[in-house]
Amino acid sequence: MNLPEKKTVHPKSSAYQRIATEEAFAPPEMLNIYKKILEKGDADPGFRGLMGFYMSSPSARAQHIIRCLTDMDTLRIQHMDECGIDKQVLALTSPGVQVMEKADAVAYAQVANDYLADAIRRHPTRFVGMLTVAPQDPQAAAKEIERGVNKLGIHSVVINSHTQGEYLSDPKFWDIFAAAEAHDTPIYLHPNSLPKNMLQPFQECGLDGAIYGFGVETGLHAMRIITAGVFDRFPRLKMIIGHMGEALPYWMYRLDYMHRATVASQRYDSMKPIKKKPSDYLRENFYITNSGVAWEPAIKFAQQVVGVDRVLYAMDYPYQHQVDEVIALDNMTMSAEDKKMFFQTNAETVFKIR
Ligand code: 1DF
Ligand code: MN
């Protein structure tokens, strides 16, 4: 006899809302654009390895992920309810528009943001958004931030790490930072597949993806932004990094020591003095989410070294959605105040959720 699949339902908490802050979606229209890029044959190898896999693999994981990414209504909300997630902060899945040609990227970013705003209008108590922008055209990205804030009421931005091998540490991108600072829209620096000049030693052993390569490359990107002096130029700019800060909190001591030593030695033209220590910027300009890391000691370490007001909950739906992880985090040995900041109030502050 075929019984309906039994689902664990984890009830909502009366002590706090659970706001998951790194949750992905993909409009079918974007997957069609991806399909055309993949059909051309010269597609970026990291992109082919990642989205080429999810879009063509018959594996249960790939099929499930595509189904979840493309649902903005019943299935997504059912999955949220099963895990006791009150709200998802939604971002267009990696690499978003960053793999597209410039004009296509600029045009599709607007379409994706309108699509997201429509979903938020249908489910205003369940969904919050991050704006997609095309770093390929920094001035258009700056304009889209302005439109997103003023017309769509969305108050944060997602950028999926490098754009076709280029990093936001390059001043040619800094109009984006100027707009983000001016509109007080934090930028979530989310992972992307590895750029082609970094891919091979990771991919040949299967370590290029979310298991390790993503964190290495996104952590590198955050460090490039810090050491380029971005936060001296834009002191009120806020950035968010997932996956427990891509391990950077654990590195803070050595980053400070070696940054000071390297600057003093004048070894690199590209490493100029900056006003503060790298760890100061990590504490003062960054927020950290635990996406994919449902691990109490790592969360507590981050709270200890960057501050309880800077560590936020994230699930990383649909790439990692496990009700047992939500339960494990509910059961952390932590004061009621700190736990509420982690699950709810830090997200309300950073993403301006009202
Ligand atoms: C994966 C993970 C894919 C994450 C993602 O986007 C992604 C994955 C395509 O597991 O393949 O955003 N992630 O954030 O960890
Ligand atoms: Mn993610």
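By convention here, the first residue in the shown sequence is residue 1. When reading the values below, keep in mind they use all heavy atoms of this one structure, side chains included, and skip hydrogens, waters and symmetry mates. Whatever order the structure lists ligands and atoms in, that order sets their numbers, starting from 1. It should be emphasised that the depicted structure is a prediction, and the values quoted were computed from it without experimental measurement.
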Seminar exercise, completed: Under 4.0 Å from one or more heavy atoms of L50, ligand 1 contributes atoms 9 (C), 11 (O)
Exercise. Between the side chain of D256 and the main-chain N/O of S279, is any donor-acceptor distance below 3.5 Å?
Worked result: yes
For this session: Answer yes when D280 and K275 have at least one side-chain N-carboxylate O distance shorter than 4.0 Å, and no when they do not.
Result: no
For this session: Decide whether E325 and Q320 meet the rule of one side-chain donor and one side-chain acceptor closer than 3.5 Å.
Result: yes
Exercise. Which ligand 1 atoms are under 4.0 Å away from a heavy-atom of E22?
Worked result: 14 (O)
For this session: Could you note down all residue pairs passing ring pair (Phe, Tyr, Trp, His ring centres under 6.0 Å) where residues 196-229 supplies at least one of them, sequence neighbours left out?
Result: Y167-H221
Problem set entry | Protein contact of atom 9 (C) of ligand 1 - nearest heavy atom, named by residue and atom, plus distance | Y319 OH, 3.1 Å
Exercise. For ligand 1, which atoms sit closer than 4.0 Å to a heavy atom of M51?
Worked result: 9 (C)
Problem set entry | Pair listing, ring pair (Phe, Tyr, Trp, His ring centres under 6.0 Å) test, anchored in residues 27-64, at least two apart | Y34-F47, Y54-Y319, H64-H79, H64-H321
Exercise. Side chain, backbone, both or neither: which part of Q320 comes within less than 4.0 Å of ligand 1 when only heavy atoms are counted?
Worked result: neither
Problem set entry | same_hphob_cluster(V305, W295) at 4.5 Å side-chain heavy-atom cutoff | yes
Exercise. Is a side-chain donor-acceptor pair under 3.5 Å present for H155 with D184?
Worked result: no
Problem set entry | Short N/O/S contact of H243 with the Mn ion (ligand 2) (below 2.8 Å) | no
Exercise. Has the side chain of R310 got a donor or acceptor atom that lies under 3.5 Å from a matching backbone atom of F286?
Worked result: yes
For this session: Just give me the atom name: the N, O or S atom of E22 closest to the Mn ion (ligand 2).
Result: OE2
Problem set entry | Contact partition for R61 relative to ligand 1, non-hydrogen atoms under 4.0 Å | side chain
For this session: Could you list which atoms of ligand 1 come closer than 4.0 Å to a heavy atom of Y54?
Result: 8 (C), 10 (O), 11 (O)
Exercise. So, N290 and H243: side-chain donor and acceptor under 3.5 Å apart, yes or no?
Worked result: no
Seminar exercise, completed: Numbered in order shown, the ligand 1 atoms found under 4.0 Å of a heavy atom of T93 are 6 (O), 9 (C)
Exercise. For atom 15 (O) of ligand 1, which protein heavy atom lies nearest, and how many Å away is it?
Worked result: D316 OD2, 2.7 Å
Problem set entry | Atom indices of ligand 1, in the order listed, that fall short of 4.0 Å to a heavy atom of H190 | 7 (C), 12 (O), 14 (O)
For this session: Just give me the atom name: the N, O or S atom of D316 closest to the Mn ion (ligand 2).
Result: OD1
